[in-house]
2 protein chains.
Amino acid sequence: MNLSDQARRLQERGIRPTPQRLAVYDYLLTHRTHPTADAIFEALSPQYPSFSRTTIYNSVKALMDAGLVRVVTIDPSEQHFDGDPLDHGHCRCEQCGRLFDFEMPDGLLAPLIPEGFTVNRQDIFFSGLCQDCR
Amino acid sequence: MNLSDQARRLQERGIRPTPQRLAVYDYLLTHRTHPTADAIFEALSPQYPSFSRTTIYNSVKALMDAGLVRVVTIDPSEQHFDGDPLDHGHCRCEQCGRLFDFEMPDGLLAPLIPEGFTVNRQDIFFSGLCQDCR
DNA sequence: ATATAATATTGTAATCATTACAAATTTACA
DNA sequence: TGTAAATTTGTAATGATTACAATATTATAT
């Protein structure tokens, strides 16, 4: 997917494809590390010196409202962002702090939903030790 | 389970059963609302005027280290605490903010664990609308 | 093309949950 | 009982996130 594809996607979702939003979105799509707002800022700062931290938060928020990005709340002290809005699980290594994706079979969790509750989103988190840190 | 049972349980887990810790633990066991640190503080303050907010954090931390309490990180802005350390899922109503427990069948998630990852804890979160708010 | 209104960016300041720290208190143990 | 260790507690610091207002950019109508 090239930049104009991404721009089109933002437009389809009803938000303007500004350079800032495109840069943040592209970063999230090409770096599947689930970066924090600060990590995105540090990474993009050299290339876009005008960016402010607030711009990162604003862009991420716009992308989340558009349904293109989701927040991963596995870390109590910081929010991580994920360019893949489809349902999948996350592992967090308690040693190195890295986040990993894993596949989630469709419908696996459906039987767990309590009577009367309407689910808008679901998350599965594993915390533990990754292969490298064991 | 009465207070002396709870005290014994703290002792077994290697932490001193101080009045503050017992009050926090008892509150979490009798109020399954997954309160925040602030909510616990507000609730216990009248009865224990000497309590400080820091005491709540300290007590909760001691209880977590002892494995009697766990933190629920479903809410990006605040941590919620849970007196049930056994694996179970959590629903969060986006309207009223309440958290609900649900059962989690043993072993359901085991097939999802990525190759080489050692799981210390697992969480399942649903976000959506509860029965009352629909 | 231009003017005007709506939207987005950005720097600074405020907020607020959480943590650090140190003094005072309580408890365990010799 | 005395002394060392652990705990509580109030205040101050931290740090991620949000609020806000001024500036800049973009869309739309004329």
Side-chain angles (χ1 to χ4, degrees), chain A residues 6-8 10-27 34-66 68-81 97 99, chain B residues 6-8 10-27 34-66 68-81 97 99:
Chain A
Q6 295 175 9
R8 202 171 308 121
L10 265 66
Q11 227 149 10
E12 283 166 5
R13 299 307 190 103
I15 63 171
R16 280 196 207 156
T18 67
Q20 291 86 346
R21 288 171 182 170
L22 287 171
V24 170
Y25 189 41
D26 185 61
Y27 185 81
H34 312 84
T36 61
D38 201 63
I40 301 172
F41 174 73
E42 293 296 338
L44 297 181
S45 238
Q47 200 178 347
Y48 303 89
S50 81
F51 276 27
S52 83
R53 239 166 272 265
T54 303
T55 302
I56 306 296
Y57 282 105
N58 287 344
S59 301
V60 158
K61 183 178 188 317
L63 292 164
M64 284 200 293
D65 290 347
L68 296 172
V69 163
R70 53 190 309 191
V71 61
V72 181
T73 62
I74 194 173
D75 185 342
S77 69
E78 271 179 318
Q79 297 180 202
H80 296 257
F81 300 100
L99 290 174
Chain B
Q6 295 174 10
R8 201 172 307 121
L10 265 66
Q11 227 149 10
E12 282 165 5
R13 300 305 190 101
I15 62 170
R16 281 198 207 154
T18 68
Q20 291 84 348
R21 288 170 182 170
L22 287 172
V24 170
Y25 189 42
D26 185 61
Y27 186 81
H34 312 86
T36 62
D38 201 63
I40 301 172
F41 174 74
E42 293 295 339
L44 297 182
S45 239
Q47 201 178 348
Y48 303 89
S50 81
F51 277 26
S52 83
R53 239 164 273 263
T54 304
T55 301
I56 306 296
Y57 283 104
N58 287 344
S59 300
V60 158
K61 183 178 188 315
L63 292 164
M64 284 199 294
D65 290 347
L68 296 173
V69 163
R70 46 187 319 188
V71 60
V72 181
T73 62
I74 195 174
D75 184 343
S77 68
E78 273 179 318
Q79 297 181 205
H80 296 255
F81 301 100
L99 266 64

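Convention: sequence-line order gives letters A, B, ...; per-chain numbering from 1.
Separating the CD1 atom of A/Ile56 from the P atom of C/dA8 is a distance of 16 Å, rounded to the nearest angstrom. Spacing between atom CG of A/Asp75 and atom P of D/dA16 amounts to 11 Å, rounded to whole angstrom units. Atom C1' of nucleotide C/dT27 and atom CG of B/Leu10 are separated by 15 Å, given to the nearest angstrom. Look at CG on A/Leu44: it is 13 Å from P on C/dT9, rounded to the nearest Å. Rounded to an integer number of Å, the gap from CG of B/Asp65 to P of C/dT19 is 12 Å. For the pair B/Phe41 CZ and C/dC16 P, the computed distance is 16 Å after rounding to whole Å.
The side chain of B/Tyr57 contributes no N or O atom lying less than 4.0 Å from OP1 or OP2 of C/dT19. Put simply, B/Gln79 has no side-chain N or O that comes within less than 4.0 Å of OP1 or OP2 on C/dA17.
For A/Asp75, the side-chain hydrogen bond (donor to acceptor under 3.5 Å, both in side chains) partners at least two apart in sequence or on another chain are A/Ser77, A/His80.
Taken to the nearest 0.5 Å, the CD1 atom of A/Ile15 stands 11.0 Å off from the CE atom of A/Met64. Here B/Leu44 contributes atom CG and B/Tyr27 contributes atom OH; the two are 7.0 Å apart, rounded to the nearest 0.5 Å. Expressed to the nearest 0.5 Å, how far CZ of B/Arg70 lies from CD of B/Gln79 amounts to 13.0 Å. Rounding to the nearest 0.5 angstrom, the gap separating the OH atom in A/Tyr25 from the CD1 atom in A/Ile40 is 13.0 Å.
Both B/Thr36 and B/Pro17 sit near DNA chain C, but only B/Thr36 has its closest nucleotide nearer the 5' end. The 5' end of DNA chain C is approached more closely, in terms of each residue's nearest nucleotide, by A/Gly14 than by the other of A/Pro76 and A/Gly14.
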When every nucleotide of nucleotides 3-12 of chain D is labelled 5' to 3' by its protein contacts under 4.0 Å (heavy atoms), B for base, S for sugar-phosphate only, - for none, what sequence of letters results? ---SSBBBB-
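Within the structure, no pair that satisfies the side-chain hydrogen bond (donor to acceptor under 3.5 Å, both in side chains) test touches residues 12-21 of chain A, not counting sequence neighbours.
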